[in-house]
Engineer: 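Structure in structure tokens, see below.
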2 protein chains.
Amino acid sequence: MRPSSGYKEFKRQIDALKADICREIYLQNKERIRVKNEDVAVARLSAIFDHTLEISNRLGFQAMSVRDLSEHSGISMGALYSYIESKDKLLEMILCMGRMAVTRVMTQAAAEPLDARNQLRQLLRAHLYLTEAMQPWFYFSYMETKHFDREARERALEGELASERYFSDCLLRGSAEGVFEVRDPELTAAMIKPLLQDWYLKRWKYRRRNIGVEAYADALIEFLEAALLKRPAPTVPAPP
Amino acid sequence: MRPSSGYKEFKRQIDALKADICREIYLQNKERIRVKNEDVAVARLSAIFDHTLEISNRLGFQAMSVRDLSEHSGISMGALYSYIESKDKLLEMILCMGRMAVTRVMTQAAAEPLDARNQLRQLLRAHLYLTEAMQPWFYFSYMETKHFDREARERALEGELASERYFSDCLLRGSAEGVFEVRDPELTAAMIKPLLQDWYLKRWKYRRRNIGVEAYADALIEFLEAALLKRPAPTVPAPP
DNA sequence: GTCTATACAACGATAGAC
DNA sequence: GTCTATCGTTGTATAGAC
């Protein structure tokens, strides 16, 4: 799972990871799922997740009726309810899937021993590539926060802060090593986040400019390094 | 409407502007609104808008029932429908209100004759202060795009591009004047936008750090100028 | 394991008394 | 100009045949 080897390879690994995670989710909810053939259940479950994300990101999760989901996924109402228990529980399973993916990918990306500058690059690329590969999930979990219950909301917040911490830690280390010049690493990390999120939230903006994920990653890295790398004072003096 | 004179004064002017706009909206929809006393109608309409934003930003517009709105605003179902015609039309009126505010504020902010660096600062402040003063509207119009009809969606997209253009024009001019160093002004403007939006989308993040709108504006300006101002090459060479 | 048919609650919108 | 009562529709979830 090394983003430095290019998006295509990364995407292949993410797809495998997703399949693993779906199986884990099935096992976690085995008691509640009435379908006992593991392979059938995992495949169906994965399809249900995909269709839910597709419809929800078009109409909203609230607006998606279970009938809609039944029609789009080609599974009858009755059969659907032998996989999902309830609409709320479906939401919960979907969120769980994404959280597991994020945790694994970001943990791995942060674990490699790199100097601060290259680690920042690695973290940025890992985040962008992951959100590209699982764009529907990230868009969903950003836009549907309102419909989460208390626990899911807290977990989402926790995740947001955890991912900022990867960046603030890296900035802090880079500052100490004299590579970066950052007054407030936490605030800067808080400003890096929306730049990463823009990629999966406003895709049309970049698609219409023909910018792919690797080009965006390059542009973002260039932009951030211009702001963060230690350097002499600017040539233009501050205005009065 | 000069953001340079501080948020407090700016906020005062926005409140006055909002009242004007509500009256205009009433006049625009006079035929459809059964209540004919102008002052009563404008006041009620404004309250209906505020409560709609409050509830929608908590539960989602789709999830907000008209009954909820009726209860929270203290107006009966029957009376409500003598102001709003339909739930969809209510959405439309609310969007119209915000669009008018954005257009007026940003036009004015861009009109002042300033050098590129100060104009960038002025545009950033105007945007941040406006979105602070009307946070519920901006949050709403970002999060509820899915529920817009075709026309409202197109207008929202148009607005997004228009506001990016203010920034790309300014960057382009600054590049020509030798103040900024920007390879791709459009892409850079596209990256400034999410930094502005983060302010009204993730308020809790900044509130918990005790950062107000003026402090955020200062930090953003510092961050952007570090990345954009023309300067000598960085001291740290690019890694292999 | 999957289907069709249906129960029951909540929604947007309106009618008609005051 | 405002209210209460009610209509028809749509949503989630389940029962029971296959």
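The figures that follow rest on heavy atoms only: side chains count, while hydrogens, waters and symmetry mates do not. Letters A, B, ... are given to chains in the order of the sequence lines, protein chains preceding strands, and every chain is numbered from 1. What you see is a predicted model, and the numbers here were worked out from it, not measured in a lab.
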Engineer: With a 4.0 Å cut-off, would you call R67(A) and E71(A) a salt bridge?
Structural biologist: no

Engineer: Determine, for K89(B) against E92(B), whether the closest basic-nitrogen to carboxylate-oxygen distance falls under 4.0 angstrom.
Structural biologist: yes

Engineer: For R203(A), check salt bridge (charged side-chain N to carboxylate O under 4.0 Å, His left out) against everything at least two apart and list the hits.
Structural biologist: E132(A)

Engineer: Strictly under 4.0 angstrom, non-hydrogen atoms only: write out the protein contact profile of nucleotides 7-14 of chain C, one letter per nucleotide from the 5' end, B, S or -.
Structural biologist: ----BBBB

Engineer: Evaluate the ring planes of Y206(B) and W199(B), with Trp represented by its six-membered ring, and classify them as parallel (under 30°), tilted (30 to 60°) or perpendicular (over 60°).
Structural biologist: tilted

Engineer: Between I75(B) (CD1) and dT4(D) (C1'), how many Å, whole number?
Structural biologist: 16 Å

Engineer: Do the charged groups of E24(B) and R104(B) touch, with an N to O distance under 4.0 Å?
Structural biologist: yes

Engineer: Are a donor atom and an acceptor atom from the side chains of D198(A) and Y216(A) found within less than 3.5 Å of each other?
Structural biologist: no

Engineer: Is the centre of the Y139(B) ring less than 6.0 Å from the centre of the Y200(B) ring?
Structural biologist: no

Engineer: Considering only NZ, NE, NH1 and NH2 on the basic side and carboxylate oxygens on the acidic side, decide whether E9(A) and R12(A) come within less than 4.0 Å.
Structural biologist: yes

Engineer: Rounding to an integer number of Å, can you tell me how far L69(A) CG sits from dA13(D) P?
Structural biologist: 12 Å

Engineer: Just to be sure I understand the geometry, which residues of residues 26-50 of chain A put a non-hydrogen atom under 4.0 Å away from DNA chain D?
Structural biologist: none

Engineer: To the nearest Å, give me how far apart CD1 (I55(A)) and P (dT12(D)) are.
Structural biologist: 11 Å

